[in-house]
Amino acid sequence: MSKHKPRVFSGVQPTGNLHLGNYLGAIVRFVDLQEDHDCIYCVVDMHAITVWQDPKELMKSTREVTAAFLAAGIDAEKHIVFNQSRVSQHAELAWVLNCTARIGWLNRMTQFKEKAGKNREKASVGLYDYPVLMAADILAYHAERVPVGEDQKQHLELTRDIAQKFNNDYAERIAELGLGRTEDGGFFPLPEPLIQGPATRVMSLRDGTKKMSKSDPSDYSRINLSDDADAIAKKIRKAKTDPEPLPETVEGLEGRPEAANLVGIYAAMAGVSKEDVLKDFGGKGFAEFKPALAELVVEKLAPINAEMKRLLDDVGYIDSVLKNGAERARAIAEPIHADVKKIVGFLD
Ligand code: AQP
């Protein structure tokens, strides 16, 4: 008999400039988890439009993220890869969960504050509601584990709070219908964040205190998965550093965010610890470290970059992967959502 494999769900927004942070913080983890989990990986196009997206660019970026998933080693036959807008249960469940989540909870979300900035009154309602849609993405599949970067931790906590409140609010009804699925009779399992892996928070190459981000106006702040060898080498050469040589110990990286970031990237890309990196490079200057880092990053990203290009030449194939994935995702989400409707009391 085959053993139950925990269900994993995660997503990446098709907002262009897929970067090393997305790769190390999320995609590498997605690949690793395939072995002993049932994985659902989603290109979250509905999240993307919470800030303005040019429609043609959105279509292109959706295919690019899909190509990155496949090129990095996600198996879209054994697991599920699809784009969010194709499965209507995400939006439908988000509405129900909007009525569970509290405004006070959303007001505490730091990502909204950062992204809306001073222009809060002009931010879209979707941007404010983003975390509820994210809760729906996860809960629509009763996913148990969610691999994300450090920046998504608060949203995951909110997802758990929403799931718990739904379970409490409807406890009697869930019991009456015999729809309890968790040990304490709840309908939604509380998903566990997996914030692990080689680099849960890759920082900007221009400012070691800011995370590497798709929306940073400076392209020199990030290494894009689509960058060629010359661009990668140039960006690493120009990366901000301090004048000191690298320390001999990890403690010596404290208070040196740029040095810590570059050592972290090296360790993650080489699959070794920061201690190991400092064993080789401690006492050496950046003039020696940066070319070695550039060589390593190019070596690791070049095959992914080449495979992405190859896949993107065949848009028909990419689209067929997404369509097929959406059908299989829908087959999981539909019966769960039918139960949600019964629990809430919608006539069907
Ligand atoms: N710098 C990062 N280090 C580690 N992990 C990161 N992630 C993002 N940036 C880093 C993780 O990548 C996954 C997909 O992210 P996303 O596209 O859904 O949204 P995001 O977090 O908003 O990504 P960006 O690049 O930071 O975009 P903008 O600039 O629009 O804010 C997530 O698991 C995320 O944690």
Side-chain angles (χ1 to χ4, degrees), residues 8-33 39-53 57-58 61-62 64-66 68-69 72 74 81 83-84 90 109-117 123-124 126-127 130-131 133-135 137-138 143 145-159 191-219 221-226 235 239 257-258 260-262 264-265 267-269 297:
V8 157
F9 180 96
S10 197
V12 173
Q13 296 188 74
T15 40
N17 299 332
L18 209 56
H19 54 72
L20 197 63
N22 301 131
Y23 177 67
L24 293 173
I27 300 175
V28 167
R29 287 294 290 146
F30 295 0
V31 174
D32 291 346
L33 288 164
C39 303
I40 304 175
Y41 295 131
C42 187
V43 187
V44 287
D45 47 8
M46 288 160 63
H47 282 280
I49 63 162
T50 56
V51 293
W52 169 250
Q53 303 297 324
E57 284 299 314
L58 180 64
S61 299
T62 300
E64 259 167 26
V65 174
T66 310
F69 281 176
I74 290 171
V81 173
N83 58 311
Q84 184 186 27
H90 290 251
M109 295 298 113
T110 54
Q111 193 176 82
F112 173 74
K113 289 181 196 159
E114 279 159 24
K115 291 202 171 177
S124 74
L127 188 67
Y130 181 113
L133 179 59
M134 179 165 158
D137 298 338
I138 298 162
R145 297 186 184 167
V146 186
V148 282
E150 181 70 40
D151 59 325
Q152 293 297 328
K153 188 168 177 230
Q154 195 187 31
H155 289 167
L156 250 299
E157 281 159 7
L158 183 85
T159 298
E192 187 195 325
L194 298 179
I195 303 176
Q196 310 155 331
T200 56
R201 193 166 170 83
V202 177
M203 308 309 276
S204 157
L205 298 182
R206 309 299 295 162
D207 177 354
T209 63
K210 262 173 56 186
K211 81 165 183 145
M212 188 177 283
S213 150
K214 295 187 197 115
S215 55
D216 193 313
S218 167
D219 200 47
S221 69
R222 66 185 157 257
I223 293 170
N224 301 310
L225 293 193
S226 55
K235 286 178 179 179
E258 284 82 17
N261 189 37
L262 296 185
I265 293 174
M269 294 305 264
V297 175

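Note that the structure is predicted; figures quoted are calculated from it, not measured. Remember, it's 1-based here, ligands and their atoms both numbered in the order they're listed. Just so you know, residue 1 is the first one in the sequence shown, and it goes up from there.
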Mind checking whether [X] has a heavy atom under 4.0 Å from ligand 1?
X    : value
E150 : no
N22  : yes
K115 : yes

Which residue and heavy atom of the protein sit nearest [atom], plus the separation:
atom                    : value
atom 17 (O) of ligand 1 : K214 NZ, 2.1 Å
atom 20 (P) of ligand 1 : K211 NZ, 3.8 Å
atom 35 (O) of ligand 1 : D151 OD1, 2.4 Å
atom 1 (N) of ligand 1  : V202 O, 2.8 Å
atom 25 (O) of ligand 1 : H19 NE2, 2.7 Å

Pairwise side-chain contact, [X] with [Y], heavy-atom cut-off 4.5 Å (strictly under):
X    : Y    : result
V148 : S10  : yes
S215 : T15  : no
M134 : Q152 : yes
L194 : Q196 : yes
C42  : D137 : no
S221 : D207 : no
V65  : N22  : no

N or O pair under 3.5 Å between [X] and ligand 1:
X    : value
D216 : no
Q13  : yes
G21  : yes

Please work out, at 4.0 Å between heavy atoms, whether the side chain, the backbone, both, or neither of [X] comes within that distance of ligand 1.
X    : value
R201 : backbone
A26  : side chain
H47  : neither

Using a strict cut-off of 4.0 Å, indicate which atoms of ligand 1 neighbour a heavy atom of [X].
X    : answer
M212 : 1 (N), 2 (C), 9 (N)
G149 : 5 (N), 33 (O), 34 (C), 35 (O)
G25  : 4 (C), 5 (N)
Q152 : 21 (O), 35 (O)
T200 : 3 (N), 4 (C), 5 (N)

* Aromatic rings F30 and Y41: how do their planes relate, parallel, tilted or perpendicular, breaks at 30° and 60°? -> parallel
Q) Is a salt bridge present between K235 and D219, judged by a nitrogen-to-oxygen distance below 4.0 Å? A) yes
Under-4.0 Å salt bridge between R222 and D216
no
Heavy atoms of A68 and L18 approach each other most closely as CB-CD2, 3.4 Å
If you count every heavy atom of other residues, nucleotides or ligands that lies below 6.0 Å from K153 atom NZ, does the total exceed 12? no
